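Below, chains carry the letters A, B, ... as their sequence lines are ordered, and counting in each starts from 1. Fair warning: this is a prediction, and the values are worked out from it, not measured in the lab.
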Protein chains: 2
Amino acid sequence: MKKLSSKVYIALLHYPVLNKKGDIVVSAVTNLDLHDIARAAKTYGVENYYVVTPSIDQKVLVDDIKSHWTEGKGGTLNPKRKEALELIKVETSLEKVIDDITASSSKPKVVVTTAKKINGSLSIKELKEKLIDDMPFLILFGTGWGLSAEIMEKADYIMEPLNGVTDYNHLSVRSAASIIFDRLLG
Amino acid sequence: MKKLSSKVYIALLHYPVLNKKGDIVVSAVTNLDLHDIARAAKTYGVENYYVVTPSIDQKVLVDDIKSHWTEGKGGTLNPKRKEALELIKVETSLEKVIDDITASSSKPKVVVTTAKKINGSLSIKELKEKLIDDMPFLILFGTGWGLSAEIMEKADYIMEPLNGVTDYNHLSVRSAASIIFDRLLG
């Protein structure tokens, strides 16, 4: 079996995402999305965790939370939390995330996650087989009611929805990200 | 391969758990522990999700949150959330959880989870092989800095810590529970 060698980056998008009615909106940042997903990303060797919001207020908020844990009292009290939150970078758009990865590595293949069944989507096993070369991968997660159609259409790959053992598929993005890291990178 | 047939219950303990210094304390309930773990439990076919706290104020709080989503406006706005939070039962001690399961089914085998390496612990694969008979299983998760030694010693089985691909093992309980459900029940 070939060893995984692709660098894996992740991004949590707060725009363009859907609300319950299917409108495209900017969602608010949730504090535990920062902590939980950063800790899981650190556990599974993710390179960076991009938090994407076009709102300058929200960008400042995330930067403040990050620096509390990486430079402030939080990091002194809890050095392990510091290691995780150091993975966070805040960007105002997906394009800037792709530019940042391209500048430090090369242009990433973009994988979108979704709770919906979509034709042409790939299983985690199929995606895992693609993680064996030098090309970086960027996995996108949506907040609210999921990523907009525009983001889905521009992606290189669509990951099949996670299946549990029931027909209930309403995991939090924190749970879904953790399970996807375990299956894809574990 | 034999089909899983054991009923699986889970409990999140807020006492007796450790604080950072290793003292036994009562931890506070975190709202997203209720939602995230209930949603993951529903996805993986868990029978009930017990939230254990000896604090009557905290018990009332959890009951209020649950009924907002199961009987109040939350359930009307988000019926899928209702289905998940209906799995929650609040008890004031682990003994009462065991009594409740025993009354509706039979005495459960108790499995504790931990982030520490402990002699005699079983892999998830080994535990999965035990989930094939009619005996119910109760999986315990700790809050704070983990379950107390007393709880660990009384358990029937100790589950090995989750391993990612790095030596960082500081997942949130929400992430750890999600990954354990996926590996053990998925």
Chemist: Any chain of hydrophobic side-chain contacts (each under 4.5 Å) joining L138(B) to V90(B)?
Modeler: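 Different clusters: L138(B) never reaches V90(B) through Ile, Leu, Val, Met, Phe, Trp or Tyr contacts under 4.5 Å.
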
Chemist: Consider only side-chain heavy atoms of I, L, V, M, F, W and Y, link residues closer than 4.5 Å, and tell whether V111(A) and V97(A) are in one cluster.
Modeler: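 Not linked; separate clusters.
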
Chemist: Quick check: is I139(A) connected to I158(A) through a chain of hydrophobic side chains (ILVMFWY, heavy atoms under 4.5 Å apart)?
Modeler: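 Unlinked, I158(A) and I139(A) end up in two clusters.
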
Chemist: Could you report the tightest heavy-atom contact between R39(B) and Y168(A), atom names first, then the distance?
Modeler: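 Smallest interatomic distance, heavy atoms only, reads O-CE2, 3.7 Å.
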
Chemist: Can you name the residues of residues 9-19 of chain A that have some heavy atom under 4.5 Å away from a heavy atom in chain B?
Modeler: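 Listed by number, there are no contacting residues, so the answer is none.
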
Chemist: Heavy atoms, side chains only, cut-off 4.5 Å: are L162(B) and T43(A) in contact?
Modeler: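 The answer is no, as the side chains (C-beta and beyond) never meet within the 4.5 Å cut-off.
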
Chemist: What about L87(A) and L140(A), same hydrophobic cluster or not, with Ile/Leu/Val/Met/Phe/Trp/Tyr joined at side-chain heavy-atom distances under 4.5 Å?
Modeler: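 Looking at the clustering, L140(A) is in a separate group from L87(A).
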
Chemist: Using non-hydrogen atoms and a 4.5 Å limit, figure out which bit of A84(A) sits close to chain B: side chain, backbone, both or neither.
Modeler: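 Answer is both: backbone and side chain atoms of A84(A) are under 4.5 Å from chain B.
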
Chemist: Measure L77(B) against the heavy atoms of chain A and call it side chain, backbone, both or neither at under 4.5 Å.
Modeler: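 Interface part for L77(B): both.
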
Chemist: Measuring heavy-atom distances to chain B, does D36(A) have an atom under 4.5 Å in its side chain, in its backbone, in both, or in neither?
Modeler: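 For D36(A), heavy atoms of backbone and side chain both lie under 4.5 Å from chain B.
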
Chemist: Going from CG on D182(A) to OG on S178(B), what distance comes out if it is rounded to the nearest 0.5 angstrom?
Modeler: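 Output value for this atom pair is 10.5 Å.
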
Chemist: Taking every heavy-atom pair that is under 4.5 Å apart, which of E83(A), H35(A), R183(A) has the most such pairs with chain B?
Modeler: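 Most heavy-atom pairs under 4.5 Å with chain B: R183(A).
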
Chemist: Tell me, out of R81(A), R174(A), K20(A), who's got the most heavy-atom pairs with chain B below 4.5 Å.
Modeler: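 Most heavy-atom pairs within the cutoff with chain B belong to R174(A).
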
Chemist: Heavy-atom distance under 4.5 Å to chain A: side chain of D167(B), backbone, both or neither?
Modeler: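 Neither part.
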
Chemist: Using a 6.0 Å cut-off, check whether atom CE of M152(A) has over 12 heavy atoms from anything other than its own residue.
Modeler: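 Result for CE/M152(A): enclosed.
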
Chemist: Which heavy-atom pair separates L185(B) from V165(A) by the least distance, and what is that distance?
Modeler: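 That would be O-CG1, 3.0 Å.
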
Chemist: Closest approach of Y44(B) and I179(A), non-hydrogen atoms and distance?
Modeler: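 Scanning both residues completely, I find the closest heavy atoms to be OH-CD1, 3.6 Å.
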
Chemist: Is the CG atom of D64(A) crowded by more than 12 outside heavy atoms at less than 6.0 Å?
Modeler: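 Buried by this count: over 12 neighbours within 6.0 Å.
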
Chemist: Are V8(B) and Y49(B) connected in a single hydrophobic cluster, I mean Ile/Leu/Val/Met/Phe/Trp/Tyr linked by side-chain heavy atoms less than 4.5 Å apart?
Modeler: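 Yes, Y49(B) and V8(B) fall within the same hydrophobic cluster.
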
